[in-house]
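One structure is given below, encoded as structure tokens.
First the proteins, then the strands, lettered A, B, ... as listed; each starts at 1.
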Amino acid sequence: MTHRTPTETDLAAAHEAVLTWFDAHARDLPWRAPGTSAWAVLVSEIMSQQTPVARVAPRWRDWMARWPAPSDLAAAPTAEVLRAWDSLGYPRRALRLKDSAAVIASEHGDQVPCDEQTLRALPGIGAYTAAAVAAFACGQRTTVLDVNIRRVLARAFDGHAHPKGALTKSETAWAAQFVPAGPDAPGARHVAWNAGVMELGALVCTSRSPRCEVCPLAKQCRWLAAGRPAGDDPARRPKTQAWHGTDRQLRGAIMAVLKAAEAPVARELLTASATEFDPESDPWFDPGFAAGTVEAAILRVRELGDGQRIGRLVDALIADGLAAESGGRLHLPH
DNA sequence: AAGCCGGGGAT
DNA sequence: ATCCCAGGCTT
């Protein structure tokens, strides 16, 4: 996959357009406030992985008020960490964030490292988050590539409706040339470019219904000039994963019950006899799956062909946290 | 490269 | 009912 190389003139125009637009239209996200710590920025990035930022903000505020430093989170009970994560989704992110906090506290003097490679070595921090933290928390010139930036660059400069497949080294190298040069500093142009293009993808150059009529890159956008051709056949794009009736829904239901229950209640639920459960009714397939039927869910785990995998995953999430509160009586079958 | 990991709001 | 979201990890 080869990419088109922009001219210096196009680059300069794009920089001017995006930076001006961002200055006027940036959302008032709480972690953009002056004085936000690097740790607070890192937390916001982890919470925002595959999660709309609008839903992150309130959880982030509570989280940072409760655990303002990495060492605070590292010392927190896992059950409380999972509860504070609330329903942000992918709760393993919360566990990895706690693990990262412990490493930062013990090996980095409770200070978030600014080196991209050091960041990448932390659990739960990949290419995107390492670049984002280095840029937004440390003012470094990195190539931030999330779904938004990849889409904006693909459209404006390559003329494609969507980026192709998984991120490759060559695409990263191509994207790097768009990032303005300059000395590292919190308000540097390259930081604003990364944040601005991301914002543009989130607010204007959206996946489904882009608002090209208000886009600052409209004049030079190859995709718009070509008449906004549709992307590759949808079959090439990964299908949305199923939810109803899947392992994921089941795990989520168990987590929800455990998070909501007081310790004695959880103990009662988890040790209750399941004799009243009727396998024919498959209650967990019901979107209305409610607290109080967790024993039925656990019985279902026993029946599933790959209950081994499910048990391992649920164990990993709750064994040392929520289950400990319930007297350690949660023994999912293996 | 592909599959898996949540959950809720928008379309 | 499907798509989408400031991705990362394992196989």
Side-chain angles (χ1 to χ4, degrees), chain A residues 1 22 26-27 29-32 40-60 82 85-97 99-100 119-137 142-152 161-169 172 191 193-203 205-210 231 234-256 259 287 289 306 309-310 312-318:
Chain A
M1 176 71 207
F22 185 55
R27 286 171 294 183
L29 301 177
W31 44 87
R32 286 178 176 163
V41 171
L42 191 157
V43 172
S44 79
E45 293 297 343
I46 299 291
M47 287 185 170
S48 300
Q49 290 169 357
Q50 293 294 287
T51 308
V53 295
R55 195 168 359 139
V56 168
R59 279 60 175 261
W60 178 85
L82 288 170
W85 194 256
D86 196 20
S87 57
L88 283 176
Y90 294 137
R92 56 178 54 182
R93 288 183 294 164
L95 300 180
R96 290 176 179 147
L97 181 57
D99 291 340
S100 280
L119 284 163
R120 275 225 56 167
L122 297 171
I125 297 190
Y128 162 75
T129 306
V133 170
F136 305 143
T142 62
T143 304
V144 180
L145 284 175
D146 75 323
V147 63
N148 294 124
I149 296 183
R150 290 189 67 202
R151 183 174 56 247
V152 172
H162 299 283
K164 311 253 181 188
L167 181 62
T168 62
K169 288 220 164 202
T172 301
V191 175
W193 167 261
N194 279 320
V197 178
M198 198 181 314
E199 194 82 337
L200 191 58
L203 299 181
C205 191
T206 58
S207 180
R208 202 99 68 104
S209 304
R236 280 181 53 87
R237 304 231 300 167
K239 278 186 298 190
T240 301
Q241 293 164 316
W243 174 247
H244 292 292
T246 63
D247 301 351
R248 309 179 78 187
Q249 184 189 26
L250 175 58
R251 281 191 299 278
I254 295 174
M255 286 286 292
K259 284 194 289 193
F289 185 91
D306 58 352
R309 182 168 55 83
I310 297 173
R312 203 166 54 240
L313 290 168
V314 176
D315 267 352
L317 289 174
I318 63 185

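No donor-acceptor distance shorter than 3.5 angstrom exists from the side chain of A/Arg93 to the backbone of A/Gly124, with no hydrogens or angles considered. A/Thr51 places a side-chain N or O within donor-acceptor distance of the main-chain N or O of A/Gln49, the cut-off being under 3.5 Å. No donor-acceptor distance shorter than 3.5 angstrom exists from the side chain of A/Glu199 to the backbone of A/Phe22, with no hydrogens or angles considered. For the pair A/Trp60 (side chain) and A/Ala40 (backbone), a donor-acceptor distance under 3.5 Å is present. Side-chain atoms of A/Arg32 come within 3.5 Å of backbone atoms of A/Arg27 as a donor-acceptor pair (strictly under, hydrogens ignored). With hydrogens and angles ignored, the 3.5 Å screen pairs a side-chain donor or acceptor of A/Ser44 with a backbone N or O of A/Val41.
Protein atom NE2 of A/His162 is 7 Å distant from nucleotide atom P of C/dC4, rounded to whole Å. Atom-to-atom, OH of A/Tyr90 to P of C/dC4 comes out at 14 Å; the value is rounded to the nearest Å. In this structure, CG of A/Leu145 is placed 11 Å from P of C/dG7, rounded to the nearest angstrom. As rounded to whole Å, 17 Å separates atom P of C/dA6 from atom CG of A/Leu167. Taking atom CG of residue A/Leu97 and atom P of nucleotide B/dC5, one finds them 21 Å apart after rounding to whole Å. A/Leu82 places its CG atom 11 Å from the P atom of B/dG7, with the value rounded to the nearest Å. Distance A/Met198 CE to C/dC4 C1': 17 Å, rounded to the nearest Å. Rounded to an integer number of Å, the gap from CG of A/Asn148 to C1' of C/dC5 is 8 Å.
Contact of A/Arg208 with C/dC4 (side chain to base): no donor-acceptor pair of N or O atoms is detected under 3.5 Å. For A/Arg93 against C/dA6, a side-chain-to-base donor-acceptor contact under 3.5 Å is absent.
If you check residues 45-53 of chain A against DNA chain B, the residues with a heavy atom closer than 4.0 Å are A/Gln50, A/Thr51, A/Pro52, listed by number.
If you check every strand for non-hydrogen atoms under 4.0 Å, A/Thr129 touches sugar and phosphate atoms only. Residue contacts shown for A/Val144 are absent, as no nucleic acid heavy atom lies under 4.0 Å away. A/Leu29 comes within 4.0 angstrom of a nucleotide base, judged by non-hydrogen atoms across all strands.
Rounding to the nearest 0.5 angstrom, the gap separating the OG1 atom in A/Thr206 from the CZ atom in A/Arg151 is 6.5 Å. We find the OG1-CG distance between A/Thr172 and A/Leu167 to be 4.0 Å, quoted to the nearest 0.5 Å.
Smallest separation of non-hydrogen atoms from A/Ser100 and A/Pro123: OG-O, 2.9 Å. Counting all heavy atoms, side chain and backbone alike, A/Met198 lies closest to A/Asp146 at CG-OD2, 3.3 Å.
Look at the C1' atom in both C/dC3 and B/dG6: the space between them is 15 Å, to the nearest Å. With both ends at atom P, the span from B/dG8 to C/dC9 equals 24 Å, rounded to whole Å.
Nearest-nucleotide positions on DNA chain B place A/Thr168 closer to the 5' end than the other of A/Thr168 and A/Gly89.
At C/dC5, one or more side-chain N or O atoms of A/Arg151 fall inside 4.0 Å of OP1 or OP2 (strictly under the cut-off).
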Can you give me the N/O atom pairs linking the protein to nucleotides 9-11 of chain C at distances under 3.5 Å, or say none if there are none?
{"unit_1": "C/dC9", "atom_1": "OP1", "unit_2": "A/Gly124", "atom_2": "N", "d": "2.9"}

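When distances run from any side-chain atom of A/Ser207 to the nucleotides C/dA6, B/dG7, C/dC4, the shortest one goes to C/dC4.
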